[in-house]
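Order of appearance sets the numbers: ligands from 1, and atoms from 1 within every ligand.
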Amino acid sequence: MILYDYCRSSAAYRVRIVLSLKGLVYDQVPVNLVTGEHREGAHIARNEQALVPVLEDNGVQLTQSLAICEYLDEAYPQTTAMLSGSAIERAQQRSFALAVACDIHPVNNLRVLQYLVGEMGVDADDKMQWYHHWIHTTFKALELRLSNRSEQTDFCCGEQPSIADVCLVPQVFNAHRFEVDMSAYPFISAIHARCTKLEAFAKAHPDLQPGA
Ligand SMILES: N[C@@H](CCC(=O)N[C@@H](CS)C(=O)NCC(=O)O)C(=O)O
């Protein structure tokens, strides 16, 4: 398998965590988002959307981090499952993951921030306010969801990491990187701390990737 990724891409970080939790061996090809390598022909040939990650397996290139994670679950069922339990439990795991992947990540993505500054003339302070606003909006809701659980568990949706934790951890990394005040999110912070102590999560950390 080949993962085309970038060290600080949170969508690629999700896939690295899943590959690592599943113990799958893969090669990494960094695609530099800062220099715009993702918009060049070689990467467009892999992903017409000019985004990372792309995972190549058996000669086929797959895009969209959550589609890749579900593919890995289905193609390698003998490894740790990212979606598990009853249909209800799997829907809860997906719901948590999608709150991050659909409701925070797209509005705070690099190209959106670049558009705000470049095309809309937004200054650095307002860009940062935007970024923090969208993290707080969904983190506030997810914190409430976690605090209201009928039974408190070590991870977002149970005693094992699932796709929910796989999406949460990179988003918390971004929040720290952009100096978001996390004091209102003790449940999120505790789960993040628990996950990052696990070797599989630690190995996927941005600072340990090629090009970091
Ligand atoms: N929904 C996509 C999002 C992928 C994505 O936006 N990746 C970011 C890095 S985290 C990217 O390539 N950004 C390039 C850009 O914004 O120009 C997924 O989950 O794979």
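A side-chain donor-acceptor contact under 3.5 Å links Tyr185 and His136. In this model, no donor atom of one side chain and acceptor atom of the other lie less than 3.5 Å apart for Gln209 and Asp5.
Pairs of residues two or more places apart, or lying in two chains, that qualify as ring pair (Phe, Tyr, Trp, His ring centres under 6.0 Å) and include a residue from residues 190-212 are Phe173-His205, His176-His192.
Pairing each heavy atom of Ser162 with each of Gln93, the nearest pair is OG-CG, 3.7 Å.
For Ala175, the side-chain contact (heavy atoms from CB on, under 4.5 Å) partners are Ile135, Phe139, Val180, Met182, not counting sequence neighbours. By the salt bridge (charged side-chain N to carboxylate O under 4.0 Å, His left out) test, Arg194 pairs with Asp154, sequence neighbours left out.
Around ligand 1 you find Ser9, Ser10, Ala11, Arg14, Leu33, His38, Arg39, Leu51, Val52, Pro53, Gln64, Ser65, His105, Asn109, Leu110, Arg111, each with a heavy-atom distance below 4.0 Å.
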